[in-house]
K.L.:
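Got a structure here, written out as structure tokens. Questions coming.
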Amino acid sequence: MPNPFFEVSGKSELLTGDLASLGGSFIPENFPHREVQIEKIVSILGSIMRDTRPSNIIIYGKTGSGKTSATRYVSRMLSEAAGSKVKVVYVNCQIFDSPYSILVEMANSFSRSTDENIPELGLPLDRIYNELMSRVNSFNRFLIVILDEIDKLVLKNGGDALYSILKTTDDTYGGKTSIIGITNDTGFQESLDARVKSRLNQESILFTPYNASELKDILNYRIKGVVRDGAIEDSAINLCAAIGAQEHGDARKAIDLLRISIEVAIRGKKGKVTDAEVYSARDKFEMDVLKEAVTTLPMQSKLVLLSAVVTQEIDSSLMVTGELYENYRSICTELGFQALTPRRISDIISELEDFGLISSSVKSMGRYGRTRIIQVMGSLESVRKYLLEDEDLSMFRGGKITRQYRFVTDPKDQQKARSEDLMQKLDDLRESVPDDH
DNA sequence: ACTCCACAGGAAAATTGGGGTA
DNA sequence: TACCCCAATTTTCCTGTGGAGT
């Protein structure tokens, strides 16, 4: 009888190694089909071994093209080879997206203990800057700053952040700071202003999308030593590779898919991974991504998304900014949140679109104005379910839904609807407790 | 051809919340 | 404690605009 505890602990006769090596943050020892790019990075950074500052690098490539892990891989090797001569700082610009937070993050990477850390808020920028400079200089070695998702910096504050970081490459006496920017936006350069562009873009490296057969090689390489020989059918690997190839050659997706397939097979007590496991893994994968995206949203974004779900449930053809906003306000009232202004909600809608949770397109409705037509991605029930997992939202009963009067063609009906809407708003006002400010 | 809706989205002001110094 | 400094976030104010109605 197979030991049931092996199954509980995630072990199985399918496995010979640790499934974690198919996880997202794992950096492998080898990058099949990325030899050219890696060699180029190595040759640029190699100047450190000759005590010369390396050029700045910009790396382009879609998600899952290996740019981030290849870069980290190379910098890890460099640290091994160059020892204390070099310091590598990795900053994800999606999380640290202001000049202040990035400089602090850079400076704090030199701290040996938390009490040396610079606070995350409150200090003048140039002081942070000077502190960073003095730390870099006293360190007196090469500093390599990896800026992942560097395009987010430009998007959010017009390149100011980038400019202040680039200053570090000049002002360091001896000029020992280099920057590696990573982006998936190929038009990234055009959005830069000239002074930043000329300083930043000294070398660029393109990570081309993997094709299906390359993905297959990668998968085969990654499962070596993890899975018992023959535990995964060839066609299942091909399927994972094919799905990854469809998504702009996304290796991360292909690997995740394979990992989940294995998990599915283990849980289902299957002896091997077949196409069927991959297909159900794909469904699970989509759900996981959706759940992760929804549950990690900031509160206000959740409220807006909830409003989008509710609005679409009422009538998907009427999903426009104005309706969404009115319903958002009702929801805020019901749940006791302070509602933000339409301008901010407009931005939040754009943010939700960036996350792929909704899609929108601006459309002119002629007499009825110009607005965004919005649609929730994924199934409404799932999104709703994940949203209501938040205990602050779980009290949501359905909310008062504002009366619809836009696009009502008959002017008489429109007039009627408008006044009814107005009545309801007055009711709402009377019901609501007056704000104390 | 002209109007005007219902917003989009840029820019600047105002608010918020943290930190330093005296 | 009082006060001013800072960056981040949100609000206020604003100009711009595609096309159905007229």
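Below, chains carry the letters A, B, ... as their sequence lines are ordered, and counting in each starts from 1. No hydrogens, no waters, no symmetry mates; every other heavy atom, side chains included, goes into these values.
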K.L.:
Roughly how many Å is it from CD in A/E131 to P in B/dG20, rounded to a whole number?
P.N.:
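Checked: the CD to P distance equals 12 Å.
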
K.L.:
Scan residues 70-79 of chain A for pairs that pass side chain to side chain donor-acceptor pair (under 3.5 Å), counting only residues two or more places apart or in two chains.
P.N.:
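Side chain to side chain donor-acceptor pair (under 3.5 Å) check on residues 70-79 of chain A returns A/E29-A/R76.
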
K.L.:
How far does the helix from B/dA1-C/dT22 to B/dA22-C/dT1 bend, going by the axes of its first and last five pairs, to the nearest 10°?
P.N.:
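The angle separating the two end axes equals 20°.
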
K.L.:
Please give, in whole Å, the distance from C/dT9 P to A/I348 CD1?
P.N.:
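Roughly 12 Å, once rounded to whole Å.
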
K.L.:
Mind checking the OG-NE2 spacing from A/S65 to A/H33? Nearest 0.5 Å is all I need.
P.N.:
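Result: 14.0 Å between the selected atoms.
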
K.L.:
Starting at CD of A/E353 and ending at C1' of B/dA8, how long is that distance when rounded to a whole Å?
P.N.:
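Value for this atom pair: 13 Å.
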
K.L.:
Between B/dC5, C/dT17, B/dA8, which one does the side chain of A/R367 approach most closely?
P.N.:
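Closest nucleotide to the A/R367 side chain: B/dC5.
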
K.L.:
For A/R372 and C/dG18, give me the distance from atom CZ to atom C1', rounded to whole Å.
P.N.:
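Atom-to-atom, A/R372 to C/dG18, this comes out as 16 Å.
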
K.L.:
Would you mind reading off the distance between A/I373 atom CD1 and B/dA8 atom P, rounded to a whole angstrom?
P.N.:
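It is 10 Å, rounded to the nearest whole Å.
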
K.L.:
Taking A/R222 as the fixed residue, which of A/D217, A/I255, A/N30 is the one that meets the side chain to side chain contact (heavy atoms under 4.5 Å, CB included) rule?
P.N.:
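Going through the options one by one, the only one that passes is A/I255.
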
K.L.:
Do any pairs count as a salt bridge (Lys or Arg N to Asp or Glu O under 4.0 Å) and have a residue in residues 31-42 of chain A, sequence neighbours left out, and if so which ones?
P.N.:
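For residues 31-42 of chain A: none.
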
K.L.:
Mind jotting down which residue pairs meet the ring-ring contact (aromatic ring centres under 6.0 Å, His included) criterion with at least one end in residues 294-326 of chain A? Sequence neighbours excluded, please.
P.N.:
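Those involving residues 294-326 of chain A are A/Y325-A/Y328.
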
K.L.:
For A/L103 and C/dA8, give me the distance from atom CG to atom C1', rounded to whole Å.
P.N.:
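The distance from CG of A/L103 to C1' of C/dA8 comes to 15 Å, rounded to the nearest Å.
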
K.L.:
Nearest nucleotide by nearest heavy atom, which residue falls closer to the 5' end of DNA chain B, A/S364 or A/S350?
P.N.:
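That would be A/S364.
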
K.L.:
Under 4.0 Å from OP1 or OP2 of B/dC7: is there any side-chain N or O of A/T321 that close?
P.N.:
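Answer no for this pair, as no side-chain N or O of A/T321 is under 4.0 Å from OP1 or OP2.
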
K.L.:
Of all residues at least two apart in sequence or in a different chain, which pass the side chain to side chain donor-acceptor pair (under 3.5 Å) check with A/R370?
P.N.:
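By the side chain to side chain donor-acceptor pair (under 3.5 Å) rule, A/R370 matches no residue at all.
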
K.L.:
By side chain to side chain donor-acceptor pair (under 3.5 Å), which residues pair with A/N184, not counting sequence neighbours?
P.N.:
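So A/N184 forms no side chain to side chain donor-acceptor pair (under 3.5 Å) with any residue.
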
K.L.:
Once salt bridge (charged side-chain N to carboxylate O under 4.0 Å, His left out) is applied, do any residues pair with A/D392, and if so which ones, sequence neighbours excluded?
P.N.:
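Residues passing salt bridge (charged side-chain N to carboxylate O under 4.0 Å, His left out) with A/D392: none at all.
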
K.L.:
Between the protein and nucleotides 10-14 of chain C, which nitrogen or oxygen pairs come in under 3.5 angstrom?
P.N.:
unit_1 : atom_1 : unit_2 : atom_2 : d
C/dT10 : OP2    : A/R344 : NE     : 3.2
C/dT10 : OP2    : A/R344 : NH2    : 3.4
C/dT11 : OP2    : A/T341 : N      : 3.0
C/dT11 : OP2    : A/T341 : OG1    : 2.8

K.L.:
Rounded to the nearest Å, what distance is computed from the CZ atom of residue A/R370 to the C1' atom of nucleotide B/dA8?
P.N.:
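In whole Å, B/dA8 C1' and A/R370 CZ are 6 Å from each other.
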
K.L.:
Restricting to side chain to side chain donor-acceptor pair (under 3.5 Å), what partner residues turn up for A/S213, sequence neighbours left out?
P.N.:
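In terms of side chain to side chain donor-acceptor pair (under 3.5 Å), with neighbours along the sequence ignored, A/S213 is linked to A/N211.
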
K.L.:
What is the distance from CD of A/E351 to C1' of C/dA8, rounded to the nearest Å?
P.N.:
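The answer, rounded to whole Å, is 13 Å.
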
